[in-house]
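Some notes on the structure that comes next.
Predicted, not measured: the structure shown is a model, and the values here were computed from it. Sequence lines set the chain letters: A, B, ... in the order given, protein chains first and strands last, and positions in each chain run from 1.
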Number of protein chains: 2
Amino acid sequence: MNGAKGVNGVAGAKGAEGVNGAEGAKGVIKLLLAEDQGMMRGALALLLGLEDDFEIVAQLGNGDEIVPRALETRPDVALLDIELPGRSGLDAAAALREALPECQVLILTTFGRPGYLRRAMEAGAAGFLVKDGPVEELAVAIRRVLTGERVIDPGLAAAALSAGPNPLTQRERDVLSAAVDGATVADIASKVHLSPATVRNYLSSAIGKTQTRNRMEAVRAARQNGWL
Amino acid sequence: MNGAKGVNGVAGAKGAEGVNGAEGAKGVIKLLLAEDQGMMRGALALLLGLEDDFEIVAQLGNGDEIVPRALETRPDVALLDIELPGRSGLDAAAALREALPECQVLILTTFGRPGYLRRAMEAGAAGFLVKDGPVEELAVAIRRVLTGERVIDPGLAAAALSAGPNPLTQRERDVLSAAVDGATVADIASKVHLSPATVRNYLSSAIGKTQTRNRMEAVRAARQNGWL
DNA sequence: GGATGGCCATGACATTTGTCCCAGGGCCTT
DNA sequence: AAGGCCCTGGGACAAATGTCATGGCCATCC
């Protein structure tokens with residue numbers, strides 16, 4: 001069996017996770033990493049762990065654990081995915097700013113939706129990265145946000161401004177969200193506790209505001225813009 | 001500025017990419033990595049590069065480049081994502097088996113859809129991993145497929161068998177694929193060059209076979225099973 | 001106080017969608 | 001040759017969907 005050492009090397013590095021122990025160093029940057037895709041999470045954790053002034057104090061795949069674990073481990077920077085099981089990363093970001101203001105939030109997402117960026121900023125995030133760019137960006141961004149700087153993809157910022165704010169009302173969002181994957185009007189109505197007729201009205205107005213032709217196009221457009 | 005060395009360390013490792021040069025070592029395993037998400041691709045490349053018997057001879061984010069680059073760089077194992085811009089990873093896998101039979105294909109995907117696994121096996125893939133499990137799996141899997149072993153998530157294999165084969169005909173797949181994100185019957189008809197009446201017939205039969213209530217549910221179900 | 005705008009609901013209406021018939025042609029297997 | 005399956009179309013019909021007008025209730029803002 002050739003190269004088994006390498007595998008162990010990889011597996012061994014996982015020990016960086018866990019309780020934050022008695023870390024005496026001064027300049028160490030403590031990181032929390034929330035990302036649902038296991039392989040991505042593991043890979044990022046290992047990479048960031050290679051930087052000698054970074055320390056991953058928590059890594060998790062569930063949105064609900066973010067605030068508790070952050071309070072427990074007191075990270076300097078929280079790297080949050082948006083689409084997570086349980087609480088959304090955007091939700092958690094807002095709560096985290098509240099609960100632990102000294103912790104900078106860096107949103108790391110697959111989709112550069114304008115509305116996501118907008119909401120991230122409103123939630124008090126210090127940075128917004130898409131998972132496309134090179135990995136090197138990540139370490140750079142982490143150091144930047146610690147200086148108080150904001151880190152945002154320039155092209156995305158422009159798109160967010162040009163796209164304007166979310167035109168949908170709360171109810172329209174509710175109904176549209178419930179309309180994903182082909183739910184019928186009756187389904188939506190019972191899910192949202194509204195009259196079927198009302199549901200159709202909201203759908204109609206959402207379709208109008210998104211300038212689309214049917215509910216599915218509306219859902220798509222709304223998602224595209226990060227309005228859901 | 002603290003710890004800049006670390007960043008450079010990360011960036012520097014990228015040099016592993018490129019032409020395969022005059023590598024004298026005997027036991028080196030040459031890898032091709034196709035993955036569209038830049039950060040994931042970079043992270044995996046770096047991690048795998050850390051193993052001393054691995055060498056990444058090509059990394060790319062486009063399905064169309066897979067076969068050409070493989071012919072150029074002659075990897076021992078190709079790690080392919082399924083959802084890629086250009087040619088699908090499954091397509092490319094089949095073509096690669098044809099063009100470079102000595103190269104083992106390892107499918108690496110976000111979604112553990114039963115139909116994907118089935119198609120991957122039919123395309124001659126040697127392994128099928130989902131991006132959830134730990135990163136360590138990856139290195140292990142790579143070494144396994146080189147011994148001729150097949151690497152498949154056991155739970156997924158069971159699901160693939162119980163789900164049965166794809167019940168949809170070619171046309172039904174075409175029409176259903178064209179029906180994503182809310183295209184109207186007329187749209188689909190013109191996209192597939194069929195009569196609107198025919199389109200509605202195919203949609204109806206697809207809905208029947210998937211045991212759903214409308215086209216969107218059918219699309220969802222078909223996607224879920226990897227039938228598209 | 002009045003205007004505005006979101007929220008909730010109805011009824012009426014045209015259009016779209018989904019279903020069930022039907023029919024012909026092509027291809028493959030028995 | 002016969003049967004089966006897929007591909008392609010059409011017509012008719014019921015149901016679902018999208019639109020519009022109208023109404024009342026409640027907030028907030030000027």
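- At a threshold of 4.0 angstrom between heavy atoms, the contacts of B:Asn201 include nucleobase atoms, whether or not backbone atoms are also involved.
- Atom OH of A:Tyr202 and atom P of C:dT10 are 13 Å apart (whole Å).
- In summary, the side chains of B:Glu217 and B:Thr210 do not present any donor paired with an acceptor at a separation below 3.5 Å, with no hydrogens or angles considered.
- Between B:Arg200 atom CZ and C:dT15 atom C1' there is a gap of 11 Å when expressed in whole angstrom units.
- Of all nucleotides in DNA chain D, those with any atom nearer than 4.0 Å to a heavy atom of chain B start and finish, going 5' to 3', at D:dC6 to D:dG10.
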How far apart are the C-alpha atoms of B:Glu83 and B:Thr110, what are their side-chain angles, what is the distance that settles it, and do they pass the side chain to side chain donor-acceptor pair (under 3.5 Å) test?
-> CA-CA 9 Å; B:Glu83 283 95 354; B:Thr110 308; 5.1 Å; no

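- Separating the CG atom of A:Asn214 from the C1' atom of C:dT17 is a distance of 11 Å, rounded to the nearest angstrom.
- One can place CE of B:Met216 at 10 Å from P of C:dG18, the figure rounded to the nearest angstrom.
- Taking the nucleotide of DNA chain D with the nearest heavy atom to each of B:His193 and A:Ile207, the more 5' of the two is matched to B:His193.
- A cation-pi arrangement, defined by a distance under 6.0 Å to the six-membered ring centre and an angle within 45 degrees of its axis, is present between A:Arg113 and A:Phe111.
- Other residues, nucleotides and ligands contribute only 12 or fewer heavy atoms inside 6.0 Å of the CZ atom of B:Arg144.
- B:Ser204 has no side-chain polar atom (N or O) that falls below the 4.0 Å cut-off from OP1 or OP2 of C:dG18.
- Atom CE of B:Met216 is separated from atom CG of A:Asn214 by 9.5 Å, given to the nearest 0.5 angstrom.
- Distance from the side chain of A:Arg171 is smallest for C:dC8 among the nucleotides C:dC8, C:dG18, C:dT17.
- Nearest-nucleotide assignment on DNA chain D puts the 5′-proximal partner with B:Glu172, out of B:Glu172 and B:Ser195.
- Base engagement by A:Thr198 is indicated by at least one non-hydrogen atom pair under 4.0 Å involving a base atom.
- Put simply, CD on B:Glu217 is 16 Å from C1' on C:dT19, counting in whole angstrom units.
- Using a 4.5 Å cut-off on side-chain heavy atoms (C-beta onward), A:Ile207 and A:Arg213 make no contact.
- Inter-residue side-chain proximity for B:Glu65 and B:Glu72 is flagged as unmet; no heavy-atom pair is nearer than 4.5 Å.
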